[in-house]
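This report refers to the structure that appears directly beneath it.
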Amino acid sequence: SNLQIPRNGLRAVFEALGGTVALVNNLIELKISQNKLDTESSSMLGVFLTLTRGLKRLHISATTPQFASIMSTEKPIPCLTLTKLDCSQNTPSAKERVEFVQFLKNFPNLTDLNIAGTTTTVEELIGILKVTTSLHTLDISENDLTDQGISSFMKFLMTQPDQPIRKLIMNKVFGRSTPDRPKVLEIMIEAINKAKIEHLGMRGARGYNALKGDLIDIIFGVINNEYLQVLDVTGHQAGDDLAISLAKLLACNHTLHTILWDMNEITLAGLYAVKLGLQRNSSIRRFEIPMMDIFDMRTRLE
C-alpha cells in the first residue's frame, strides 16, 4: 500500500498473481491501497478475483479503480472466499455507479465492509446489504446520507431478522439538519437498541456534520441498552450538556466499556459532572480524557 507504484507496475503485479497457481490458490490478503488502478490494471484485478481460491482480505482504498473494467468479464463469478473489503475513499463517476454496486455485491460472504467516502446513497447501501447478509462490521463514514436516508437505513436494520451487524461506523454522515431530525433520531435510537449494535462510531466535525445538542437525545436513548459496548461521539460540539448526559449514562449503564468524547467543547463543570458519573460505574475500561477540550480551556484562560 501507498508505494506510488506506476500503472505499468500494478499490471506486472496482477500478471504475476494471475499467472502463478500457488498465489491464485493460497494468497489470503492483498493490499494495494493508495496506488492508482488504471483501466487495464482494474480489468486484471477483476480477472484475478474470478480466479482466486483463497483470497480473504482485499484493500483497495483510494485506488480510483475503474469499476466498469473490473466487472467487464462476460459473467463475473462471485468471489466466495472474500470476507473483508476496504473500498473506502473511492468515488465512482455517475456512469460507473451501477458497476460499483455490482462489484460490492460480488462478495456475498463479506463480514467486514468499508465504503467510507464513496458517495454511497442509502438506496445503494440497502441494495448491497440485501446481498451481503453476513456483515459483522460496516463502515459508511463520510457519506452524506441526509436525514431521510439515515431514517431509511435504520428502518431497514430493524426489519432484518437476526441482523448480523455488530460494529457500525458512521462518522460524518449527518448533513444539514432538517425539520425531520427529531423523528430521525428517534428512529435511530430504536434501531440501535433493537439491532443489538455493540460498537457505534459516530464522530462529527466542525460545521454541519456536528450534531451539537441533538446528540443528547441519542445518549439518553441508549441508557438502558444492554448490547452497546463501545461508543464514539467525538467532535459534535455538544458542550457540557453532553457531559451531563454521559454522567447519567455512566451511572445507569453497566454494559458500555469504552466511550470516546473529545472535541465537544467541554468545560470544567462538564468534567466534574462526568467524574460523579464514573464514581457510580463498574463497567468502563476506557474513558479517555478530552485533551483537545482541556487544551482549548487552557487557551481561553490564558
Any side-chain to backbone donor/acceptor pair from [X] onto [Y]? Under 3.5 Å, distance only.
X	Y	result
N90	C87	yes
D262	M291	yes
T20	L17	no
N171	S141	no

Linking I/L/V/M/F/W/Y whenever their side-chain heavy atoms sit closer than 4.5 Å, directly or via other members, would [X] and [Y] fall into one cluster?
X	Y	result
I169	M188	no
L228	I284	yes
L260	V222	no

Is there side-chain contact between [X] and [Y], with heavy atoms separated by less than 4.5 Å?
X	Y	result
P65	L45	no
L157	I165	yes
N193	Y227	no
H59	S33	yes
I259	L249	yes
L168	H199	no

Check [Y] with [X], please: is the shortest side-chain N to carboxylate O separation under 4.0 Å?
X	Y	result
E198	K196	no
R97	E123	no
E29	K56	no

Applying salt bridge (Lys or Arg N to Asp or Glu O under 4.0 Å), which residue pairs with at least one partner in residues 168-190 are found, sequence neighbours left out?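 Residue pairs passing salt bridge (Lys or Arg N to Asp or Glu O under 4.0 Å), neighbours aside: D147-R181, R181-D214, K183-E186, E190-K194.
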All pairs passing salt bridge (Lys or Arg N to Asp or Glu O under 4.0 Å) where residues 229-254 contributes a residue, at least two apart: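 Residue pairs passing salt bridge (Lys or Arg N to Asp or Glu O under 4.0 Å), neighbours aside: R203-D232.
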Shortest non-hydrogen separation from L145 to V122 and the atoms involved: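 Heavy-atom minimum between the residues: CD2-N, 4.3 Å.
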Assess, by modelled atom type and distance only, whether the side chains of [X] and [Y] contain a donor and an acceptor separated by less than 3.5 Å.
X	Y	result
S88	S61	yes
S283	H257	no
D38	S41	yes

So for atom CZ, which belongs to F220, do other residues, nucleotides or ligands contribute more than 12 heavy atoms lying within a distance under 6.0 Å?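 More than 12 heavy atoms, drawn from other residues, nucleotides or ligands, come within 6.0 Å of this atom.
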Within the 6.0 Å centroid threshold, strictly below: F67 and F100: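 F67 vs F100: aromatic centres under 6.0 Å.
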Working note: E265 + R206, criterion salt bridge (Lys or Arg N to Asp or Glu O under 4.0 Å); need CA distance, chi angles, decisive distance, verdict. CA-CA 11 Å; E265 301 180 357; R206 290 188 181 277; 3.5 Å; yes
